[in-house]
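Written below as structure tokens is the structure these notes are about.
Residue numbers start from 1 in every chain, and the chains themselves are labelled A, B, ... in the order their sequence lines are given, proteins ahead of strands. Note that the structure is a prediction, hence the values are computed from the model and not measured.
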Amino acid sequence: MKHWLMKSEPDTFSIDDLAKVGTEPWSGVRNFQARNFMRQMAVGDKVFFYHSSCAVPGVVGIATVASEAHPDPTQFQRKSDYFDEKSTREQPRWDLVDVAFERKLRRTITLDEIRQHDDDLGDFALTRRGNRLSVMPVTAAQWKRILALE
DNA sequence: GCCAACGTTGGC
DNA sequence: GCCAACGTTGGC
């Protein structure tokens, strides 16, 4: 089983939104590296749900991967913000996975806190300078250490 | 294949 | 709202 971190802006889609719907197709990823990570996901993988672009950025919950990667339907929808004219049904460019709610953390493990533990965490995409990836891998050791902060 | 211009992300 | 950093695009 692998571990991941997925970012979401709480104004758009928060952990409470995920709790409400239960399962959400993670549409709208339009970055090749992030897409490739989703292609590596398997059902049952654990996901840190991370709130970005907000007052207190950080890990707010845990989700699980609920489907293999499959084509993101929004890439075909002309009216969608995520429409991609280079995508065809035969050769879609963008995939998504379904993400299922598992639980909210008892408190937010803030980005600030995670940074303070950089030495224990080793190389971590989230705190790498200039990182903008919205989907990234987390090692088992990083998962354990971050969760221990809860 | 280089690289400037542009758009986006995301912390602050 | 600012801006650093980065990915993508497109001209050459």
Below 6.0 angstrom between ring centroids: does that apply to Phe49(A) and Trp26(A)? yes
Is the distance between the ring centroids of Trp4(A) and Phe48(A) under 6.0 Å? no
Contact class for Ser52(A) (heavy atom, under 4.0 Å): base, sugar-phosphate, or nothing? sugar-phosphate
Taking any heavy-atom pair under 4.0 Å as a contact, classify Arg128(A): base, sugar-phosphate, or nothing. nothing
Would you grab the first and last nucleotide of DNA chain C (5' to 3') that comes under 4.0 Å of any non-hydrogen atom in chain A? dA5(C) to dT9(C)
Looking only at side chains, do Gln77(A) and Thr74(A) share a donor and an acceptor under 3.5 Å apart? no
Assess, by modelled atom type and distance only, whether the side chains of Asp118(A) and Thr127(A) contain a donor and an acceptor separated by less than 3.5 Å. yes
Heavy-atom side-chain proximity of Arg115(A) to Thr110(A) below 4.5 angstrom: no
